[in-house]
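Heads up: the structure comes next, in structure tokens.
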Amino acid sequence: MASDTVRLSPKASGFARRGRPWLFRDDIVVGESMPPRLVRVLDEDGRDLGLGITGASKLALRVCGPWEGTDVPDREAFFHARIDTAIALRAGMLGPEDGVRIVHAGSDWLPGLIVDRYGDVLVVQVTSTFVQESLDAIVPYLADRLSASSVVMRNDVPTRKREGLEQEIEVVHGNRKEETSIVEGSVTHTVRPLTGHKTGFYLDQRPARALVQSLAKGRRVLDLFAYQGGFALHALRGGATSALAVDQSVEALTQAELDAGVNKLEGLETRSGNVFDVVRELREKNEQFDLIVLDPPAFAKSRRETPGAERGYRDLNRIALRLLAPNGFLVTCSCSHHVDGPRFEELVRQASAGLPFRVATRKRLGAGDDHPALITHPESEYLKVLLMQRLDG
Ligand code: SAH
């Protein structure tokens, strides 16, 4: 058997045929000690299942789609073709000031690679050794295809440690830009590619920001876990009478205030502190809001942390529902992989038990179209957003 071929166990062949993109070391029968590289994946009978990327961690093989013929293509051909397909999928989203996820890892058959575009700045995040070693075939091509003036590597994610990769942030193409901006729904957002959260911005929440903007007219808004006030700014653009943004980061809230100024939006108030304390204080003062956004960080980073995380979601949602004015809306979010959609809804159901008003589920949203969630890969559907409404009268 050629060294660039791996053969799967019968069980793993079934998984791969059903579209599961992640396979573990025990699933591989032949080709056990594999340096990170691109391989042909064969089922238990030697039939072709397309390409895969091998890795040095427990996650030994990530499948990355069919490829004509029986050979393994060279790295350029593979990455360039997959990048072209990813760009084509987002063709309608590439206005000069748009913020767009260009490559969403395994969902684009490019496991271990994230690429976000903020206008002419690209931010790349890598979690696979093979992708890391292939950056010379990836970065210049991306820069050229997307006319980038700057490419930043945001390789400061803990999952890199699984493959023994270093934590590093660096500019690998063009100029260093501490700040850039994108325009979304008539709101300009400052993005800090080198120091902001994630790759600089929470691009995945675009559909929920649009929803908030459409609901906000004449409403008093509370934006909990606001970061740079993304939701609050969209609410004000949508005609909210006021927006209170709460976050523990003074720096993020300062940026929210600056961005309100850039957008000539009035009515933003910020409060730094622990959301768990601030919501209790608001409740004690009998404050009420017509529209509340609750967008906490992933409370459950591992399965072990799930019970505590679930308690956190339940408590926060309960108190947020209690802060709603009659007929008010709650946009409640979870980005924990370990709390799936049905479980999150169950927690919100538990949070609403015994309240003196009815609570209706109005909408279910996820990440935007530039973050495709594969039905065969539940982990890719990490972001859950529910629009709840308090019903009175
Ligand atoms: N809603 C934001 C993203 C939120 S990310 C947006 O759409 O852009 C989560 C935010 O929660 C981070 O800004 C982090 O600083 C903040 N945070 C985490 N734990 C917190 C806590 N206990 N109290 C207040 N803020 C917290």
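Counting begins at 1 with the first residue of the sequence. Order of appearance sets the numbers: ligands from 1, and atoms from 1 within every ligand.
Within the listing of ligand 1, atoms 1 (N), 7 (O) sit less than 4.0 angstrom from a heavy atom of Phe231. Near Gly273, with a cut-off below 4.0 Å to any heavy atom, the atoms of ligand 1 are 23 (N), 24 (C).
The nearest heavy-atom contact from the protein to atom 10 (C) of ligand 1 is Asp247 OD2, 3.4 Å. Ranking the protein heavy atoms by distance from atom 19 (N) of ligand 1 puts Gln248 OE1, 3.5 Å first. The protein heavy atom nearest to atom 23 (N) of ligand 1 is Val275 N, 2.9 Å. Counting protein heavy atoms only, atom 22 (N) of ligand 1 is closest to Asn274 OD1, 3.1 Å. Regarding atom 11 (O) of ligand 1, its nearest protein heavy-atom neighbour is Phe225 CD2, 3.4 Å.
For ligand 1, none of its N or O atoms has an N or O atom of Gly230 under 3.5 Å away.
The residue Phe201 has no part lying near ligand 1, judged by heavy-atom distances below 4.0 Å. Contacts between Gln228 and ligand 1, counted as non-hydrogen atom pairs separated by less than 4.0 Å, are absent for every part of the residue. Under 4.0 Å from ligand 1, heavy atoms of Tyr227 appear from its side chain as well as its backbone. Using a 4.0 Å cut-off between heavy atoms, Ala252 makes no contact with ligand 1 at all.
How far CG of Leu268 is from CG of Leu253: 8.5 Å, rounded to the nearest 0.5 Å.
A salt bridge does not link Asp204 with Arg101: every distance from a Lys NZ or Arg NE/NH1/NH2 to an Asp or Glu carboxylate oxygen is 4.0 Å or more. Lys177 has a carboxylate O that lies under 4.0 Å from a charged side-chain N of Asp120, or vice versa, which qualifies the two as a salt bridge.
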Gln132/Arg160 under side chain to side chain donor-acceptor pair (under 3.5 Å): CA gap, chis, key distance, verdict: CA-CA 10 Å; Gln132 179 81 29; Arg160 279 173 63 85; 2.9 Å; yes
